[in-house]
Amino acid sequence: MIFKLRRPDADIAWKNPEILKRFSRYREIIENTQIARYIIAKTVECDFNSDDSVENLEKLLKQKSKEFNKILSEDINSQKNRKIQEKSYINLSETIAYKYLENCKFCERRCGVNRIQGEKGFCHLDKDIYVSSAFLHWGEESVLVPSGTIFFIGCNFGCVFCQNYDISNAWKGRRKIEDIAQKVDAKKLAAIAQKLVENGGINVNWVGSDPIPCLQLILKSLLYQNINITQLWNSNFYLTEESLDLIIDFMDFWLPDLKYGNNTCAEKYSGIKNYWEVLTRNLKKIHDDGSGEIIIRHLVMPNHVDCCSKPILDFIAKEVPKSVVNIMGQFRPEYKSNQYPEINRRPTSSEIQEVKKYADKLNILYKPVS
Ligand code: SF4
């Protein structure tokens with residue numbers, strides 16, 4: 001039933017044996033022959049005192065992750081026989097997330113603000129979370145559509161060329177957040193996600209601005225969801241190691257951006273430090289320890305083939321080879337791009353072809369999703 005709603009190019013992509021192999025679990029969740037990770041996580045009993053120290057709770061989190069991964073390797077029948085727990089591994093993760101909010105370290109900006117008490121860091125969000133829109137997205141990669149996409153307000157990056165600048169950064173200090181988005185609690189967020197799935201979404205796609213500053217509420221919303229559906233993290237991926245630990249076991253599919261091949265370009269255009277170290281660390285982690293089902297999005301930027309695109313493809317081929325890559329040619333000089341003449345145009349078709357040829361040389365799988 002759901003598969004009839006796909007975009008025609010999805011059929012072509014799914015006929016590719018490598019796509020089937022690399023996204024096998026995702027496909028099986030769509031077909032209901034596998035159980036989504038977050039549902040399995042709810043069966044992992046977790047007894048803890050929420051007043052315990054963060055260090056002790058983090059230690060317990062590591063133990064629960066091991067327990068979870070052992071269950072994940074069991075066959076589906078024994079997984080189906082497991083009972084949903086009143087207090088589970090997800091409750092623990094969500095509790096730690098709210099503790100991190102008191103000294104925010106969700107992303108590597110590590111603002112250290114107390115968001116619970118109303119302080120705001122670069123993303124301009126306190127503890128309250130706002131959804132700007134939620135709809136079935138047909139423009140994502142073919143194997144992901146229709147995608148139940150939920151857009152949040154507030155971004156931890158400051159990309160000068162942002163195409164979503166109205167919900168990422170342009171509102172900061174100018175408009176009241178309540179005027180441009182709807183405040184949600186965990187139950188409401190879960191209801192939005194489930195409605196998208198009931199309407200035909202084949203995944204729940206957490207996106208932004210960026211979902212990282214909203215991580216605590218996304219985790220909490222998992223407690224109120226119960227449909228067997230892929231949870232997908234669509235992000236700039238500038239998470240801290242600690243916050244990635246909170247979500248790594250619950251996400252079935254990853255959709256990270258990999259924009260810059262070096263720190264200088266990242267700092268210049270997104271105002272971000274240590275981009276390369278953070279992104280490569282996080283990508284390696286989801287590839288080796290997470291679901292490993294990943295589409296890396298690389299937006300080809302004008303005049304950035306040698307400094308960004310090629311080092312990125314070298315890294316992917318060597319370090320995260322199970323990933324599929326979307327080589328994106330749709331860069332548009334939006335927002336403040338006119339202040340940077342070298343990126344104030346669209347990439348040429350010869351730049352895009354050069355990147356694709358380089359990917360071919362490295363044997364990177366990109367065609368089915370680009
Ligand atoms: S999510 Fe990132 S940008 Fe926002 S307050 Fe936390 S550390 Fe700062």
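Just follow the structure's listing: the first ligand is 1, and inside any ligand the first atom is 1. The basis for the numbers below is simple: all heavy atoms, side chains too, and nothing from hydrogens, waters or symmetry mates.
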Next item on the list: Would you please indicate yes or no on a ring centroid separation below 6.0 angstrom for Trp254 and Phe237?
Entry: yes
Notebook entry, point to check: For Glu267, what residues pass the side-chain hydrogen bond (donor to acceptor under 3.5 Å, both in side chains) criterion, not counting sequence neighbours?
Noted result: Lys273
Next item on the list: Determine, using ring centers only, whether Phe161 and Tyr335 are less than 6.0 Å apart.
Entry: no
Check: For His287, what residues pass the ring-ring contact (aromatic ring centres under 6.0 Å, His included) criterion, not counting sequence neighbours?
Finding: none
Note to self: For a distance under 2.8 Å, give residue and atom name for each protein N, O or S atom next to atom 4 (Fe) of ligand 1.
What the structure shows: Cys123 SG
Item checked: Sidechain N-carboxylate O distance under 4.0 Å for Glu28, Arg25 -> no
Next item on the list: Can you tell me which residue pairs pass the salt bridge (Lys or Arg N to Asp or Glu O under 4.0 Å) test with a partner in residues 122-133, sequence neighbours excluded?
Entry: Asp128-Lys183
